[in-house]
Amino acid sequence: ELEERYAGFNGLNLTFESREGILKHCSRENAERLGDVGERFLTGKQPGLEAQLANLVDAIAYNNHDVDDGLRAGFITLEQLCEVPLFEVQYRTVCDEYPDLDRKRLTHEIIRRMINRQMIDLMEASRTAIADAAPDSIDAVREQHEPLIRFSEEMAEQHHQLKHFLRKRLYQHYRVHRMSSKARHMVGELFDALFSDPRLLPPEHQANAERLRAEGGDAGSARAVADYIAGMTDRYAILEYQRLFKADVLT
């Protein structure tokens, strides 16, 4: 609804399949308010193959990216990661092939091979599942008891072990909690300031806040402020916070 690309209406003219693919998880309460795109969460049906694929490759991407980030930040170590079978196998293989590799290139090579191994398994297991089910339409895909795009049982377990490791060792790290706490404080302060005085918003967002306030009162104004903050990158949010609350930062 925020995009202004078409002469006749605001928003993006997304297909049902695109909207369905974006919506990976949804509570029953929310699904009841989303019409056709929320129906599968109420009826237990599967999304389309493209959405199933996007869900898993996204998980592969961010898990391996977080491994890289965690190592570079010093929150986790190679030794700790060897608790994870998916990592440990590639670590041993790369060390055997390249015993003198420096740590940076060692890390990149291991992660590259982890991604490759997961992708190969995903393609092979999915090809088998699709051949066995032989769906002849999107409706047949939706009626399956489980997704047709999937890992093998062994890789699914290894994928789960990596996610468990990252949750325990990285996402619950005290330094990550400190940053998360700081971020919550900054976002809360930004929201309170902008909601209290919408004149602090950029002109186009002021206009949106006025329109939504006219339609929905305080809730509409809050929606406009939340939309503005949600569109910020981390770096921009920090800069905006400094502009509003630091006397030595120019607006």
**Q.** Glu157 vs Gln161, side chain to side chain donor-acceptor pair (under 3.5 Å): CA-CA, chis, key distance, verdict
**A.** CA-CA 6 Å; Glu157 176 60 25; Gln161 291 167 341; 3.3 Å; yes
Spell out, as yes or no, whether a donor-acceptor pair under 3.5 Å connects the side chain of [X] to the backbone of [Y].
X      : Y      : answer
Gln80  : Thr77  : yes
Gln52  : Arg150 : no
Asn63  : Ala59  : yes
Ser18  : Leu14  : no
Ser221 : Gly217 : no
Gln206 : Leu201 : yes

Q.
Does the plane of the ring in Tyr228 sit parallel, tilted or perpendicular to the ring in His205? Use 30° and 60° as the thresholds.
A.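 Aromatic pair Tyr228/His205 classed tilted.
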Is any side-chain heavy atom of [Y] closer than 4.5 Å to one of [X]?
X      : Y      : value
Arg40  : Glu20  : yes
His185 : Tyr241 : yes
Tyr91  : Leu81  : no
Asn64  : Gln118 : yes
Ile149 : Ile130 : yes
Val57  : Leu122 : yes

Taking a hydrophobic cluster as the set of Ile, Leu, Val, Met, Phe, Trp and Tyr residues connected by side-chain heavy atoms closer than 4.5 Å, whether directly or through intermediates, do [X] and [Y] fall within one such cluster?
X      : Y      : answer
Val187 : Phe245 : yes
Leu78  : Tyr98  : yes
Met119 : Ile110 : yes
Leu2   : Val37  : no
Met179 : Met232 : no

Q: List the steps and the verdict of side chain to side chain donor-acceptor pair (under 3.5 Å) for Arg211 and Asn208.
A: CA-CA 5 Å; Arg211 179 179 62 82; Asn208 191 44; 2.7 Å; yes
Q.
Testing the basics here: between Met186 and Ile238, what is the closest heavy-atom pair and its distance to 0.1 Å?
A.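 The answer is CE-CA, 3.5 Å.
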**Q.** Where Tyr171 and Val176 come nearest, the two heavy atoms and their spacing
**A.**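 That would be O-CG1, 3.7 Å.
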Q.
Quick one, Glu39 with Lys45, criterion salt bridge (Lys or Arg N to Asp or Glu O under 4.0 Å). Give me CA distance, side-chain angles, the key distance, then yes/no.
A. CA-CA 8 Å; Glu39 182 181 358; Lys45 294 183 179 180; 5.1 Å; no
Salt bridge or not for [X] and [Y], using N-O below 4.0 Å?
X      : Y      : answer
Glu83  : Lys168 : no
Asp197 : Arg199 : yes
Arg235 : Glu240 : no

Q: Quick one: do Arg72 and Asp68 satisfy salt bridge (Lys or Arg N to Asp or Glu O under 4.0 Å)? Show the steps, please.
A: CA-CA 6 Å; Arg72 286 191 290 107; Asp68 189 23; 3.7 Å; yes
Q: Kindly determine whether Lys104 and Asp102 satisfy salt bridge (Lys or Arg N to Asp or Glu O under 4.0 Å), including the steps that lead there.
A: CA-CA 6 Å; Lys104 181 179 179 180; Asp102 66 75; over 6 Å; no
Q: Report the C-alpha distance between Glu109 and Arg105 in whole Å, list the side-chain angles of each, state the deciding distance to 0.1 Å, and finish with yes or no for salt bridge (Lys or Arg N to Asp or Glu O under 4.0 Å).
A: CA-CA 6 Å; Glu109 184 65 19; Arg105 294 183 70 181; over 6 Å; no
